[in-house]
Amino acid sequence: MIVGIDLGTTHSLIGCFEGNAPRLFPNALGDLLTPSVVSIGEDGGILVGQSARDRLITHPQASVAAFKRWMGSNRSTRLGKREFRPEELSALVLRSLLADAEAALGEKVREAVISVPAYFGDAQRKATRAAGELAGIKVERLVNEPTAAALAYGLQERIDGSTFIVLDLGGGTFDVSILEIFDGVMQVHASAGDNHLGGEDFLDVMADACCRELGINRRALPPNELALLLSRLEVAKKQLSSATEAVVNVASGGTAREWRIDDVGFQRLAEPLLQRVRAPIERALRDAKLSPGDLSEVVMVGGASRMPVFTKLVSRMLGRLPLRHVHPDQAIALGASVAAGMKARDQALEEVVMTDVCPYTLGIATAREDEHGRVSSGHFSPIIERNATVPVSRSEQFCAMHDGQREIKLEIFQGESPRVANNVLLGTLDIRLAPKMQKNQAAIEVRFTYDINGVLQVESTTLGTGEKRELILQDNPGVLDEAEIRERLASLSALKMHPREDQANLATIARIERLYEERLDQRSLLQDWLARFTGVLESQDRARIERERGELSRALDQIEARGFD
Amino acid sequence: MSPFNILGLDRKADLAQVKRAYAKLLRTHRPDEDPTGFQRVHEAYQACLEQLRWREQGWEDEDEDDDGIAVEPDADDGVADPAAGNASVGMLLAPLDVATIPREPGDPASDGIDLRVSDFFDAEAFAHDLGTRLRSETPQAVETWLQAHDDLYALDRKRALQASVVDMLETLDAQAAARHFDTVTRFFGMDTVSGTDSWLHHRLDAIQQRFGDAADFERVLRTHAGPDATWADQGIARELLQPFSWWRRLCLIACPGLPGRTGALLQALQAADPVSASTRLDPPSRRFWERATDRRALRWQRLSVMAVRLALWASAIGIAVSMLDEKTGFDAESPTRWATLFAWPYGLWLAYAVVVLGLIRFRDYNHSRMQWDWVLLMTAGGLACGVVAFAAGANGTLAFIMTTVLWIGARKDGERGSSASQGASLAAGATGYGLALLVLHQLVGDSIEIRYLACIAAVYAFGSQAIHDVLLARKRGIALVRARTQTGALWRIFQVQGALLAVLLVLVLMRGKTGA
């Protein structure tokens with residue numbers, strides 16, 4: 001059984017394709033959405049999900065969120081006594097999800113299809129695969145998030161013969177994909193995006209404005225107050241989706257103040273971020289050689305796509321189109337599950353074929369000579385243009401720069417800028433040339449092969465001698481290699497993860513602690529409840545624990561719903 | 001094998017048939033299972049679409065030929081059956097929660113009509129407006145204006161503006177283009193590599209090359225001729241940038257090493273940016289110095305440079321020899337003899353320089369109106385020098401030369417294009433000093449040695465300069481050292497010199513009266 005996983009910046013989900021439909025698995029708390037937050041308890045045990053998210057406020061030093069943004073880099077986080085890489089944090093989330101799936105399926109899961117932003121680069125994709133390996137599963141296929149959303153949406157709506165655009169504005173990334181569905185073929189025409197634009201950035205902008213207007217120094221805030229402020233601003237941001245004004249209660253330095261934000265003000269604050277939304281949409285349309293009139297639908301996915309400022313901008317850019325919010329939180333996971341089913345060659349999906357594109361250009365660094373005879377180096381010569389349907393294999397010939405040149409150092413880059421200085425170096429290859437090479441004579445032929453799993457293979461043939469050299473781009477400085485993965489797998493396995501049965505209890509405790517931090521007015525009451533609940537836990541009476549927990553949850557719900565006095 | 005054949009169709013197939021055939025083939029050649037097969041099918045599909053696009057635009061189909069996809073006809077591929085039903089994705093899915101945005105009255109998205117975009121758009125006015133802003137505003141301000149521009153939300157329009165924007169960047173001067181290149185190309189989506197728009201990228205490359213070169217040109221110029229470069233280097237830069245200045249060219253020719261430096265700077269500038277070199281450097285000066293420092297051929301420019309230097313040094317040596325002879329008891333009584341002997345080379349040199357360089361100027365600038373006043377003044381200056389030399393004798397000549405050289409050394413080039421006034425001020429200065437010497441010599445006679453007279457004249461030269469500079473600095477409110485670089489009004493020089501001369505006369509007369 002292959003499962004499909006949506007490993008998101010703020011939430012993660014897991015599902016599989018069963019019967020004729022994708023199905024999502026609930027976690028130990030009964031939710032389909034598991035927050036992508038990891039926390040270390042006092043006993044050194046790992047907590048993942050809602051309990052960890054509550055602990056962001058009560059134990060900010062021991063908790064971390066939104067680490068998907070650091071995938072593909074070397075950034076490490078300190079939790080408790082240990083340093084964690086982003087892949088390891090993602091692996092911990094994956095483990096928790098897999099435990100949920102295994103509990104529902106009753107069998108061990110060995111392989112998964114994980115969704116990644118379409119615009120994720122090579123290093124980030126490798127890091128996602130590494131995270132899967134660190135969680136103990138095989139990850140051969142990564143599916144692009146907009147494509148996954150389109151799969152779910154397209155199959156559900158029985159779309160046929162339609163070209164539409166998917167805009168995925170998630171917590172940390174923004175992706176645009178233009179797709180066409182016909183005769184059971186789902187074809188991606190073009191993808192574009194921005195890896196550093198998401199709901200978190202809009203939150204950040206609000207937080208800066210709030211601190212500025214209230215005269216708070218954001219950097220000087222203690223971490224738990226900051227986390228509290230951010231969680232309240234998040235609530236306000238969501239409120240602005242349906243109301244024209246939101247009020248935030250800010251408690252800092254012992255005093256409680258109010259900050260108001262209305263939709264006009266939010267629009268003004270978010271203006272620079274919204275402007276960044278334009279470029280990927282334009283580029284995707286341009287690369288697909290389409291104009292907005294050729295699209296029949298605009299599909300919006302991702303929690304942040306609910307923001308009215310975003311939908312207004314999109315409707316302005318794309319004209320009069322029906323805008324559809326597919327279930328923003330679940331669509332990608334459902335699509336990933338369908339993709340998992342396709343990989344497993346599920347009978348129900350035999351008729352469906354999916355093709356995807358490589359969203360970035362791959363090429364090499366070259367030098368050019370102008371009409372005055374001056375040589376300038378650092379130009380980027382594309383070999384595989386962006387949005388080529390994968391798998392793809394292209395080759396180009398290149399010449400020597402001067403007479404008698406004996407070797408060429410091939411530098412392989414990924415990116416869109418005409419200058420290699422602005423692109424990402426993937427690898428280098430040293431090639432020996434045939435003797436007695438002349439300037440401007442074709443010296444080598446370079447072939448790039450990019451397969452459906454995103455692995456780039458570079459092969460160079462020296463014309464004249466026929467010598468071939470090959471480079472498979474596996475190793476990447478920001479990413480773990482085989483040996484390191486094995487090492488870290490061993491050390492991760494040693495970490496204690498709470499069994500599923502305990503998670504509900506731990507989540508309740510974390511929730512009480514968080515409310516204690518937030519609600520100055522209810523503290524004594526919450527303290528009593530906490531003491532009573534821990535007492536009940538010690539009794540180890542299952543039925544009694546469940547009953548108490550249920551009552552407690554309802555009481556806590558009431559407190560949260562009541563708002564602030 | 002034509003792409004249509006690969007898909008199992010004939011050449012007359014339409015779009016729907018192509019798509020159906022492609023979809024059917026994909027099921028047997030899936031991208032994850034059969035990469036090579038899939039690529040072949042996919043490329044054939046793209047080629048068919050391309051041909052259908054051409055056909056739509058009225059182009060004839062290409063003849064059946066091998067377009068590079070070398071393929072064995074697959075025996076299993078039959079002709080696609082157009083009667084086969086649509087492959088339906090028959091499956092039952094739990095419906096997703098599809099929510100549309102709540103529609104409010106008056107919300108543009110809900111009406112389906114975007115009232116903000118006007119249909120009429122004046123592209124030329126926009127390009128003109130953009131050009132004005134690029135010349136005067138910062139990149140951030142331009143970016144903010146572009147992002148807020150209502151008409152630019154329509155994507156087709158924005159795309160169509162690319163060509164006019166590139167046109168405008170090409171006409172912009174290099175500094176403005178360099179400043180705004182990144183923001184403008186990013187906004188209009190021209191900052192990424194693309195196979196289809198290679199014409200665009202060639203032009204953008206050329207623009208970047210241009211201001212890259214212009215930046216190099218500026219850098220070379222600044223290192224050689226910036227405020228902290230030596231006086232000689234600054235003079236060289238001015239020589240190349242500004243129109244012909246008789247005196248400046250003479251100095252550059254006369255001083256050792258300077259022609260070489262001029263040639264080196266010229267080569268560096270031309271290597272940095274040939275285009276800027278041809279537009280910003282003065283063409284006749286550039287041509288002259290190119291030919292004068294070209295070691296490969298013996299051109300008349302180079303010859304004239306050599307001749308002028310030879311004459312100058314010959315007369316200088318001659319005069320030095322005369323001084324020595326004087327010490328050894330040579331008969332210094334006859335002024336005419338010494339004047340004849342050593343003023344001649346000097347006069348000859350001056351006359352030659354005037355004539356030759358005047359000819360150069362005449363030749364190079366013969367498209368412009370001949371400036372007779374300039375020629376007259378030059379001649380007058382040369383004659384004045386000759387007269388002085390005659391009258392003042394050998395030591396007088398020496399003194400005169402010394403003061404003239406001091407004058408040159410103490411002055412920098414004045415305003416651009418005022419070679420007439422420069423010549424005039426030179427002549428005036430030379431005449432002034434010559435007169436001063438004459439007067440002093442006549443008045444004082446032999447009571448003061450000529451050597452001391454020469455010193456007095458030198459002090460006079462420096463003194464008048466210094467006073468002039470102080471007055472200029474106070475008048476214009478600038479620092480004293482900067483006054484050296486400014487040209488004062490001609491009359492002020494005369495004023496100062498006249499005043500000093502009067503003072504000297506009074507002193508001398510008083511001394512004469514008391515002494516006599």
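So you know, we letter chains A, B, ... as the sequences are listed, proteins then strands, and number each from 1.
With a threshold of 4.5 angstrom between heavy atoms, M342(A) does not approach chain B through any atom at all. For a residue to count as touching a neighbouring chain, one of its non-hydrogen atoms must lie under 4.5 Å from one of that chain's; by this rule R141(A) touches chain B with the side chain only. Residue E140(A) does not touch chain B at all, counting heavy-atom pairs closer than 4.5 Å. Heavy-atom distances place both the backbone and the side chain of S291(A) under 4.5 Å from chain B. Residue A16(B) does not touch chain A at all, counting heavy-atom pairs closer than 4.5 Å. Heavy atoms of S393(A) lying under 4.5 Å from chain B belong to its backbone as well as its side chain. Contacts of Y22(B) with chain A are made by side-chain atoms alone, with heavy-atom separations under 4.5 Å and no backbone atom involved.
For the pair E351(A) and K24(B), the salt-bridge criterion is not met [side-chain N within less than 4.0 Å of a carboxylate O].
Evaluated for a side chain to side chain contact (heavy atoms under 4.5 Å, CB included) with D32(B), the options V390(A), D451(A), T355(A), I452(A) yield exactly one hit, I452(A).
Annotation for R276(A): atom CZ counts as buried by contact number, over 12 foreign heavy atoms lying within 6.0 Å.
Contact of the D191(B) side chain with the E416(A) side chain is not registered, since no non-hydrogen atoms from C-beta on lie closer than 4.5 Å. Using a 4.5 Å heavy-atom cutoff, the side chains of Q39(B) and R394(A) are not in contact. Two residues are said to be in side-chain contact when any heavy atoms from C-beta on lie closer than 4.5 Å; D205(B) and R368(A) meet this criterion.
Under the ring-ring contact (aromatic ring centres under 6.0 Å, His included) criterion, F380(A) pairs with no residue, sequence neighbours left out. Remark: E350(A) engages R345(A) in a salt bridge (charged side-chain N to carboxylate O under 4.0 Å, His left out) (not counting sequence neighbours).
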Check against side-chain contact (heavy atoms from CB on, under 4.5 Å), E180(A) and K19(B): CA-CA 11 Å; E180(A) 187 182 354; K19(B) 285 197 154 156; 2.4 Å; yes

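Each of Q275(A), Q187(A), M354(A), R283(A) has some count of heavy-atom pairs under 4.5 Å with chain B, and the biggest count is that of Q275(A). With chain A as partner, the option from L26(B), T144(B), T192(B) having the largest number of non-hydrogen pairs under 4.5 angstrom is T192(B).
To the nearest 0.5 Å, atoms CZ (R20(B)) and CG (D183(A)) are separated by 6.5 Å.
Closest non-hydrogen pair, V193(B) versus R386(A), comes out as O-NH1, 2.9 Å.
Cation-pi contact between R278(A) and Y153(B): present, with separation from the ring centre below 6.0 Å and deviation from the ring axis of at most 45°.
Side-chain atoms of R286(A) never come within 3.5 Å of backbone atoms of L155(B) as a donor-acceptor pair (strictly under, hydrogens ignored).
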